Every structure is written in C-alpha cells, then in structure tokens.
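Quick notes on the structure that follows.
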Amino acid sequence: MSEERSLNFIEEIIEADLAAGKNDGRVLTRFPPEPNGYLHIGHAKSICLNFGLAQRYGGKTNLRFDDTNPVKEDVEYVDSIKEDVKWLGFDWAEELYASDYFDKLYDLAVELIKQNLAYVDDSTAEEIAVQKGTPTEPGIANEFRSRSVEENLVLFADMKAGKYPDGAKVLRAKVDLAAPNMQLRDPLMYRIKHAHHHRTGDAWCIYPMYDFAHGQSDAIEEITHSICTVEFIPHRPLYEWFIERLQLFPSKQYEFARLNLNYTVMSKRKLLQLVEDGHVDGWDDPRMPTISGLRRRGYTPASIREFCERIGVAKRENMIDVGLLEFCIREDLNKTAWRRMAVLDPVKLVITNYEEGKTELFHGENNPEAEGGDGSRAFNFGREIWIEREDFMEVPAKKYFRLSIGGMVRLKNAYIVKGESVVKAADGNITEIHCTYIPESQSGNDTSGINVKGTIHWVSVEHGKTAEVRLYDRLFQVEDPSSEDGDFKDYINPNSLQVLPAAYIEADLANAKIGTPVQFMRKGYFTLDKTSTADKLVFNRTVTLKDGWVKK
RNA sequence: UGCCUGAUAGUAUAAUGGUAGUACGACGGUUUUUGGUACCGUUUGUCUAGGUUCGAAUCCUGGUCGGGCAACCA
C-alpha cells in the first residue's frame with residue numbers, strides 16, 4: 001500500500017493501539033445490523049469502514065445480527081443483509097447473532113443481580129419514564145430499587161419462566177438515578193415479550209435490551225474496536241460500566257457520524273414507510289438508497305466502495321451531495337460499460353437520396369476507453385432511421401451543433417447528413433425529418449473533406465428493436481426531506497420515475513444481460529431490470545452522462 | 001435550562017504549534033466521430049471575541065450555532 005491518503009481518526013486510534021501493542025496486535029471489528037429492514041448506502045459506509053479497517057490492519061470482521069427484538073425482526077432481512085454485504089465484496093469471519101448469547105447474557109444479568117447492581121422493577125413504562133426525571137431534574141428511586149438480592153433472583157427467574165405477562169416487570173441496572181447522562185438513570189436490561197423469535201423460537205419470553213446485548217456481545221467475541229455512530233456516544237459510559245462490573249473483555253467503542261445523502265432519506269423506518277405505503281416498488285426499487293435498490297439501478301460494488309472511501313470518516317454532521325455518488329458510478333462505468341445506441345424519444349429521419357431497400361453494415365467500438373476499443377459490434381444502416389427528437393432543431397439555437405434545416409451532422413459510425421425539410425402533423429408536431437447524406441463521408445473512409453461539429457446516435461427503423469426504458473430522478477424534491485415542515489412524504493418527487501414504453505435500441509442489445517452495464521451513447525448508463533424478459537426488454541437508467549451543453 | 005458532541009471553500013475531508021491542501025461541484029480552455037472521457041487552468045474557506053506563543057485551524061477562556069440524550073427501539 002503506497003497510497004499517501006491521510007488517516008481518518010479511527011485509523012489513527014488503531015495505529016496507536018498497534019504501536020502500543022494492545023490486544024497483541026489483533027484487530028477484530030464487527031458489522032452489527034438489526035435484521036429489521038434492508039441495508040442502505042449509510043450501512044455501506046459502516047460496512048466499508050469495519051471491513052476495510054480489518055483488511056488494512058490484517059484483522060477480521062464478524063457479521064453479527066443484533067436480534068434482540070423479535071417483534072420487529074425477520075429472516076427475510078437476515079438473508080437480504082447477508083446478500084448485500086457479500087455483493088459489496090466483503091467476507092465476514094463469522095456469522096453470529098446476539099441471540100446466540102441469550103444464555104450467557106442471562107447468566108451475566110444474574111451475576112449483576114448478585115452484585116446488587118440490578119433489580120426487578122414492577123413499574124409500568126409510564127411510571128418509569130416519570131421516575132427517570134428530566135435532563136434538568138434528577139430521577140427518583142421507587143420501592144422496587146431496594147429489593148433484596150434474593151428476591152430479585154427469584155423474580156428474574158420467574159420472568160424467564162414466563163410467570164408474568166408482557167410489560168409486567170423489567171430488569172434494570174442499578175447505576176445512578178441522578179446521573180446527568182440520562183442513559184445512566186437505571187437503564188432497562190430485560191423486558192418481557194412473549195414473542196416468537198426467528199432463531200430461538202419460543203425458548204425465551206424475556207429479551208435483553210440493546211444496552212445489555214450489544215456491548216456484551218462485543219466482549220464475548222473479543223471485538224477490539226467497536227465502531228458505531230455518534231448517537232451512541234451517551235451509551236459509552238454504560239457500555240464500559242457493564243464491562244467493568246462483569247469483568248468482561250474490554251472492547252472499546254468509537255463513534256463516527258452517519259452518512260446523510262441529499263434528496264433522499266436514510267432511516268429504515270422512513271424507507272419502510274415508502275415501501276408499505278406503495279410510494280416505491282419495494283425495498284429494491286431503483287430509486288431507493290438501499291443497497292438492493294442501487295444494485296437494481298445498476299450501481300456496481302466498486303463504485304459504492306469508492307464512494308465510501310471518498311466521503312471520509314469524521315464525527316461532524318454531514319450532508320453528502322448525491323452528485324458524488326453519481327461521479328463514482330460514472331467513473332467506474334466509463335471504463336467498463338460497452339457502448340450501444342438507443343433512441344429514447346424518437347423521430348423518424350428519412351434519407352431521401354439513399355437507395356430504397358438498401359442496407360449497409362457498419363461497426364462501432366465496444367468501448368473507446370479500452371485498449372483496441374474492447375472489440376466491436378455491427379449494426380445495420382438504412383434509408384429510414386430513428387434519431388433523438390432533441391437532436392434536431394428546425395431553427396438552430398446559437399452554438400447548437402446537431403441537426404437543423406441546412407445544417408449538417410454526423411450519424412455515429414455512419415454518414416454525414418444535411419437537414420432538408422420536415423413533415424408536420426396538424427398540431428405542428430414534427431413527424432418526419434427529411435435529409436440527404438454525403439456518400440463520401442462514410443466513417444473510416446471519409447473523403448468528403450467536410451468537418452461537422454456534432455455527432456448523433458441513431459437506430460435503423462428496419463433493424464432496431466424496441467424496449468421499455470425507465471428513467472429515474474431523485475426521490476425527493478428537497479435536499480433534506482426530514483428537516484422540512486410536515487411529513488417527509490409530502491416532499492416526494494412526483495416525477496421520480498418516467499417510463500418510456502417504446503424506445504428503439506440497436507439489435508445487439510437484445511443480448512443484454514442482467515448485471516451487465518451498458519452505455520447508451522450520449523444518454524447515460526443503463527442496465528437490464530430484473531423484470532425484463534426476452535419478449536419485453538426493460539432497461540433502467542443508472543445515471544445520465546455529464547452534460548456540458550446548457551441551453552440558453 | 002442539565003449532560004454529551006461537533007464547527008476548515010458550495011459539499012465533504014486533510015493539515016496533529018511552523019507555507020491552509022485534496023476531491024467532488026462550478027467556471028474557462030485543449031483534445032474528441034459520445035456537448036461523454038482525458039488533460040490544463042480559475043474560483044471560493046479556518047463560527048466569533050479574547051488570551052498563551054516568535055508563530056494558532058490546532059492550545060486556553062467566554063460566547064454563537066448545529067447534532068444527540070428523558071423508547072419495555074437499535
């Protein structure tokens with residue numbers, strides 16, 4: 001690794017730890033998703049960070065599901081998370097579940113009770129909330145806080161045995177009801193939920209809370225660097241409190257700022273709403289910032305990893321411009337995607353001096369960025385072709401250098417043509433453009449001496465195929481929907497999806513494969529949608545090409 | 001109004017007491033059979049007021065502003 005990139009603050013910590021000989025030079029991180037939703041680009045940041053750190057420092061990363069709340073979790077999510085992490089290009093050392101530790105966690109809770117550092121509380125959720133006080137007023141102890149160790153032991157065992165209904169009792173840590181840090185005001189450790197768990201089935205009716213599961217799981221696995229987002233900073237003293245009292249492996253928690261992307265939302269709760277309310281096609285709708293959505297949209301793992309590398313890691317609030325994500329996918333696809341021609345908004349061009357019924361076979365490079373063009377493919381030319389409606393202006397604007405009446409343009413890999421006249425429908429809409437071609441101007445054998453400024457793409461009317469093309473725009477109309485007044489869904493972009501039922505594509509595109517990106521020349525990068533069939537091809541636009549042409 | 005955090009170009013992110021740099025964006029140019037790519041150039045920044053120091057983005061003090069914390073969520 002000869003890169004000169006400066007270290008982020010977590011890398012600095014790890015290098016200092018390594019230099020100091022901590023953990024015998026071992027680096028073990030973990031990616032700890034709760035299986036209650038699909039992973040999104042924000043998780044990708046965490047995944048790249050955790051797995052990337054381990055790779056960089058010769059360590060390992062566990063995939064651990066934080067499955068302590070059975071009513072919200074599901075195997076569907078477990079499966080999707082595993083698929084997404086793998087797709088992003090990472091291998092975990094071990095696949096683990098917080099639920100693997102339910103027995104150990106229970107024993108640790110008993111241990112804490114024996115130390116008189118935990119107690120069973122019969123109060124209702126509302127009572128506990130009131131007794132916790134407010135940030136400016138200390139909490140107050142209730143009568144349950146002084147229960148004897150013996151009584152707590154019996155009560156907790158009875159909780160486990162299913163003697164009480166949901167919500168009847170909880171186990172709380174006895175920390176400090178007057179702590180200025182609210183997280184320390186006797187936080188809940190266990191609650192009763194008679195619910196079926198996706199892994200442990202009906203074996204348990206009490207489940208540990210995050211604070212009594214996450215840190216302990218880290219310690220059990222001997223995670224060296226437990227990296228989470230900044231909202232867990234106030235939990236860190238509690239994390240350490242449990243580790244100290246229970247004399248567990250001293251995992252250390254470090255916090256970084258989560259990713260925010262503009263023009264979208266980044267919370268599983270909000271994304272779930274979009275799915276459930278039918279604003280999108282599902283978790284993998286190409287407009288979603290989910291990993292599966294980006295995949296379906298045509299993003300590559302490499303582009304997402306590059307994005308995560310470029311955004312950096314720090315603690316301050318941030319709002320990343322989605323333009324950076326787009327830059328990353330363009331940068332990747334430019335080097336790899338084969339070029340093809342497709343006309344999305346067609347208008348017929350008739351070449352009046354081209355022999356009727358004649359066809360010529362022309363060739364075009366697959367990718368001009370690659371050595372030797374990465375091979376080439378052939379396509380037919382004929383008297384009638386489709387061109388993009390926006391590539392013609394009856395009366396050209398200044399500095400417009402595509403086709404116009406009297407103006408000349410090159411048809412990519414074919415001839416130079418000159419606009420002659422237009423045929424219009426009653427409503428004034430152009431239905432046909434008539435032009436003439438310069439026979440000596442054929443690509444590769446151009447002896448015409450004519451130099452044209454513009455080159456446009458085209459598809460033969462006779463030989464081209466049709467396909468449905470879906471164009472996507474940002475899902476929201478405002479940069480930060482969550483910070484606007486009212487419901488975030490009020491700011492959904494009504495034009496985020498535009499379906500073109502019948503675009504014309506060059507014949508070779510019938511061989512397109514799902515997962516293989518293609519550039520529609522001058523229009524952007526596209527990929528076959530999963531709903532595509534041999535009879536009906538469906539392409540998703542991944543991203544447009546950068547457009548330097550600005551109309552005045 | 002308690003505690004915890006953070007503040008560097010438009011957006012991110014470096015500089016770890018010693019020339020404020022990089023990327024994306026924007027703008028301009030060269031090349032181009034993609035108005036793409038590539039290449040070159042320009043532009044804009046240390047929240048504020050004091051203090052320490054030969055020297056402060058960096059250390060100290062006060063203020064301002066942003067984010068988080070009072071779920072039987074994670």
Side-chain angles (χ1 to χ4, degrees), chain A residues 4-9 12 32-34 36 66-69 71-73 121 123-125 128-130 132-139 166-172 179-185 188-193 206-207 209-211 213-214 228-237 255 257 262 268-269 310-328 330-331 334-335 339 341 364-365 367-369 399-402 409-414 416 441 443-444 446 451-457 519-524 544-550:
Chain A
E4 293 296 318
R5 184 175 69 86
S6 54
L7 303 178
N8 64 47
F9 78 100
E12 285 182 352
E34 182 189 11
N36 67 343
D66 245 334
D67 56 348
T68 57
N69 188 358
V71 301
K72 288 188 177 174
E73 297 154 7
D121 192 328
S123 309
T124 64
I128 289 177
V130 170
K132 275 193 183 180
T134 69
T136 51
E137 303 162 290
D166 287 7
K169 287 178 165 48
V170 293
L171 183 71
R172 288 228 257 169
N181 179 349
M182 297 296 293
Q183 303 301 330
L184 263 20
R185 319 255 262 228
L188 273 61
M189 293 167 58
Y190 270 91
R191 75 286 220 197
I192 300 170
K193 276 181 193 285
I206 57 172
Y207 292 93
M209 299 286 291
Y210 168 87
D211 284 307
H214 194 100
C228 61
T229 46
V230 291
E231 63 266 32
F232 291 100
I233 290 176
H235 295 248
R236 195 187 333 129
E255 311 86 6
N262 59 9
K268 280 193 272 189
R269 202 192 97 251
R310 282 174 179 265
I311 58 177
V313 178
K315 297 182 87 145
R316 70 185 82 106
E317 277 283 302
N318 60 80
M319 176 68 81
I320 307 285
D321 193 328
V322 68
L324 184 61
L325 219 208
E326 296 179 342
F327 167 83
C328 291
R330 287 192 188 106
E331 182 188 45
N334 175 52
K335 289 179 291 194
R339 273 57 169 175
M341 292 194 282
E365 290 179 313
N367 186 349
E369 299 301 312
K399 294 188 80 177
Y400 181 83
F401 44 85
R402 280 111 88 169
V409 74
R410 166 158 316 267
L411 296 173
K412 180 71 183 175
N413 294 125
I416 292 174
S441 67
S443 281
D446 190 344
N451 241 334
V452 291
K453 203 87 193 280
T455 300
I456 63 174
H457 58 280
Q519 182 192 109
F520 289 178
M521 296 198 80
R522 306 205 306 133
K523 300 273 51 167
T544 61
L545 253 30
K546 204 172 141 192
D547 190 1
W549 163 250
V550 277

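Worth saying up front: this structure is predicted, and the values here are computed from it rather than measured. Sequence lines set the chain letters: A, B, ... in the order given, protein chains first and strands last, and positions in each chain run from 1.
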**Item:** CZ on A/Arg185 to OG1 on A/Thr134, rounded to 0.5 Å
**Value:** 6.5 Å
**Atom pair CG/CZ of A/Asp446 and A/Arg410 - distance to nearest 0.5 Å** = 5.0 Å
**Request:** For RNA chain B, list all stems, counting runs of three or more consecutive pairs where every pair is Watson-Crick or G-U wobble with both distances under 3.5 Å.
**Result:** B:2-7 with B:64-69, B:10-13 with B:21-24, B:26-30 with B:38-42, B:47-51 with B:59-63
Quick one: does [X]'s side chain have a donor or acceptor within less than 3.5 Å of a partner on [Y]'s backbone?
| X | Y | result |
| --- | --- | --- |
| A/Glu137 | A/Gly133 | no |
| A/Asn36 | A/Glu73 | no |
| A/Ser443 | A/Ala414 | yes |
| A/Asn181 | A/Pro234 | yes |
| A/Asn367 | A/Arg339 | no |
| A/Lys412 | A/Gly364 | no |

Can you tell me, in whole Å, how much space there is between the [atom1] of [N] and that of [M]?
| N | M | atom1 | value |
| --- | --- | --- | --- |
| B/A20 | B/U43 | P | 16 Å |
| B/A74 | B/C69 | P | 15 Å |
| B/A23 | B/A14 | P | 15 Å |
| B/G66 | B/G29 | P | 42 Å |
| B/G41 | B/U58 | C1' | 32 Å |
| B/G25 | B/C73 | C1' | 38 Å |
| B/A9 | B/G21 | C1' | 12 Å |
| B/U44 | B/U1 | C1' | 39 Å |

**Request:** Kindly point out which of B/U5, B/U1, B/A14 is positioned nearest to the side chain of A/Ala314?
**Result:** B/A14
**Complete:** Heavy-atom contacts, protein to nucleotides 22-34 of chain B, under 4.0 Å, summarised as B (base), S (sugar-phosphate only) or - (none) per nt, yield -SS--------BB
**Item:** Base-contact (B) and sugar-phosphate-only (S) positions in nucleotides 67-74 of chain B, heavy-atom cut-off under 4.0 Å, - elsewhere
**Value:** SSSBSBSB
For [X] and [N], give me the distance from atom [atom1] to atom [atom2], rounded to whole Å.
| X | N | atom1 | atom2 | answer |
| --- | --- | --- | --- | --- |
| A/Asp547 | B/U37 | CG | C1' | 14 Å |
| A/Arg316 | B/C4 | CZ | C1' | 18 Å |
| A/Asn318 | B/U5 | CG | P | 19 Å |

**With A/Lys523 via side chain to side chain donor-acceptor pair (under 3.5 Å) - residues at least two apart** = A/Glu390
**Request:** Not counting sequence neighbours, which residues clear side chain to side chain donor-acceptor pair (under 3.5 Å) with A/Asp211? List them please.
**Result:** A/His235
**Message:** Between A/Glu255 and A/Arg236, does the salt bridge (charged side-chain N to carboxylate O under 4.0 Å, His left out) criterion hold? Intermediate values first, please.
**Reply:** CA-CA 9 Å; A/Glu255 311 86 6; A/Arg236 195 187 333 129; 2.7 Å; yes
**Asked** Considering residues at least two apart in sequence or located in another chain, which fulfil the side chain to side chain contact (heavy atoms under 4.5 Å, CB included) criterion with A/Pro138?
**Response** A/Ala178
